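Please see the structure below; I have some questions.
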Protein chains: 2
Amino acid sequence: MGAHTDTRNRIQEVAIRLFTEQGYEATSLREIAEALGVTKAALYYHFRTKEDIVASLIEDRVKALDELIAWAGGHPHTPEIRGELIRRYSAQMTRGRHHEVMQFMDRNKTALQGHAKVDLMRERMGELMQALCEPDDPLPVRLRRSMALFAMHAAWFLIRDESTTEEERTAAGLQVALELAEGSGG
Amino acid sequence: MGAHTDTRNRIQEVAIRLFTEQGYEATSLREIAEALGVTKAALYYHFRTKEDIVASLIEDRVKALDELIAWAGGHPHTPEIRGELIRRYSAQMTRGRHHEVMQFMDRNKTALQGHAKVDLMRERMGELMQALCEPDDPLPVRLRRSMALFAMHAAWFLIRDESTTEEERTAAGLQVALELAEGSGG
DNA sequence: GTCTATACATGGATAGAC
DNA sequence: GTCTATCCATGTATAGAC
């Protein structure tokens with residue numbers, strides 16, 4: 001954990017904040033550099049490209065998704081397993097930068113298209129969805145299950161209320177997600 | 001409805017498609033022009049700026065939201081009124097370019113930040129939300145009601161299945177939205 | 001590790017001819 | 001209404017000094 005790792009971390013911190021607030025394309029490397037009190041060229045010592053900064057930001061999230069998919073692969077598609085999968089997903093959102101990463105991606109959907117790591121992560125989300133529902137489930141069920149995952153993101157960034165605690169967000173997201181997954185019609 | 005109106009319409013059609021597929025910033029005016037077989041300069045005859053194209057795309061949606069908000073303003077906040085509000089919202093999605101506009105905006109959140117008409121529309125969505133829930137409603141209720149609106153968008157673009165008909169999408173979105181608005185916890 | 005300087009591409013937008 | 005030509009700002013990325 002020398003000065004190298006530290007600067008690298010500070011770059012990531014500022015980058016994800018600005019990418020989320022102002023947008024990925026609207027945020028120049030010059031702007032990130034200035035916020036850190038260094039120059040553009042300094043960033044290029046730590047990251048080969050702008051895309052590499054993004055890749056570094058989401059790699060923990062991809063790993064976490066891989067674990068979830070692997071776990072789901074060893075279990076049958078039952079309501080109980082779906083519930084547990086959702087609980088585990090919810091728990092991930094409380095750790096590290098995971099919910100920040102999801103918000104960053106949600107707000108920059110098109111801008112991140114074509115980034116290798118981002119496309120990989122979209123694939124993983126698709127695989128996770130397949131663990132939550134069969135292709136021949138009725139449309140309302142598929143819609144509800146897709147939205148179950150979204151509920152756990154939305155709890156963090158759809159509700160903008162500053163006074164809401166992290167525990168309340170997590171609980172609300174989890175509750176709505178579980179209802180959506182096993183609601184009256186599915 | 002002369003050649004003027006026609007070309008203008010064709011520009012809008014190509015623009016919203018490319019903005020949604022590839023992204024707003026990733027789509028240059030040159031690219032739109034080439035897809036139409038004209039030059040960049042020709043576009044500038046019909047629209048003063050790139051931002052003006054966006055404004056023209058969403059203005060019908062803003063008008064539709066205004067109508068909805070006005071209607072809600074004349075009624076109390078009851079489950080029945082909320083249900084009717086959601087039904088009317090759902091009906092709007094089946095007309096004109098409304099669901100395409102919502103998808104375009106969903107996929108380009110940050111890129112459209114600061115566009116006057118887009119910011120206006122975000123305000124309107126906020127007002128509509130206020131018609132659906134009180135500030136002191138419990139968090140899961142607020143989350144569910146926010147997601148009710150999202151469900152009606154998601155029915156159109158979260159489910160990518162080509163064989164799904166427009167009627168099925170509309171019905172599924174409406175059903176899930178109504179469940180979310182008046183679910184077990186809200 | 002960070003700097004200055006700069007190459008190089010691309011995009012939005014305008015001027016003025018036809 | 002559409003064209004050619006061009007301006008100008010900005011962005012990513014690199015070379016090379018310190």
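Basis for what follows: all heavy atoms, side chains included, without hydrogens, waters or symmetry-related copies. Just so it is clear, the structure is predicted and the values come from calculations on it, not from any experiment. Letters A, B, ... are given to chains in the order of the sequence lines, protein chains preceding strands, and every chain is numbered from 1.
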Qualifying residues under ring pair (Phe, Tyr, Trp, His ring centres under 6.0 Å), relative to B:Phe47, sequence neighbours excluded: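 B:Phe47 satisfies ring pair (Phe, Tyr, Trp, His ring centres under 6.0 Å) with no other residue.
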Tell me if the centroids of the rings in B:Tyr89 and B:His98 come within less than 6.0 Å of each other.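 No.
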Could you state the atom-to-atom distance from CG of B:Asp6 to P of D:dG1 in whole Å?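 Whole-Å distance recorded here is 11 Å.
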Partners of A:Asp66 by salt bridge (Lys or Arg N to Asp or Glu O under 4.0 Å), sequence neighbours excluded? A:Arg124
Does anything in residues 31-56 of chain A pair up under salt bridge (charged side-chain N to carboxylate O under 4.0 Å, His left out), and if so which pairs, sequence neighbours excluded?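 As it turns out, the salt bridge (charged side-chain N to carboxylate O under 4.0 Å, His left out) pairs with a partner in residues 31-56 of chain A, which skip direct neighbours, are A:Arg30-A:Glu34, A:Arg48-A:Asp52.
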Whole angstrom is fine here: how far is it from OH in B:Tyr45 over to P in D:dC3?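 Nearest whole value for this atom pair: 13 Å.
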Pairs meeting criterion salt bridge (charged side-chain N to carboxylate O under 4.0 Å, His left out) with involvement of residues 105-115 of chain A, two or more places apart: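 Sorted result for residues 105-115 of chain A: A:Asp106-A:Lys109, A:Asp106-B:Lys109, A:Lys109-B:Asp106.
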Short of 4.0 Å, heavy atom to strand atom, which residues of residues 17-28 of chain A count as contacting DNA chain D? A:Thr27, A:Ser28
Return the set of residues passing salt bridge (Lys or Arg N to Asp or Glu O under 4.0 Å) with B:Asp136 (not counting sequence neighbours), or none when no residue passes. none
Could you tell me the separation between the CD atom of A:Glu34 and the C1' atom of D:dT10, rounded to a whole number of Å?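 Between C1' of D:dT10 and CD of A:Glu34: 13 Å.
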Counting just side-chain N and O atoms, does A:Thr39 come under 4.0 Å of either OP1 or OP2 of C:dC3?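 Yes.
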How would you summarise protein contacts on nucleotides 13-18 of chain D per nucleotide, using B for base, S for sugar-phosphate only and - for none, with heavy-atom distances below 4.0 Å? BB----
Got a sec, which residues hit side-chain hydrogen bond (donor to acceptor under 3.5 Å, both in side chains) with B:Ser146, two or more places apart in sequence or on another chain? none
Spacing of A:Phe47 atom CZ relative to C:dG1 atom C1', expressed in whole Å: 14 Å
Figure out the NE2/P separation between B:His46 and C:dT14, and round it to whole Å. 16 Å
Quick note, ring-ring contact (aromatic ring centres under 6.0 Å, His included) partners involving residues 116-139 of chain A, not counting sequence neighbours, are none
C:dT2 P sits how many Å from A:Arg30 CZ, rounded?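 Rounded to whole Å, this separation is 19 Å.
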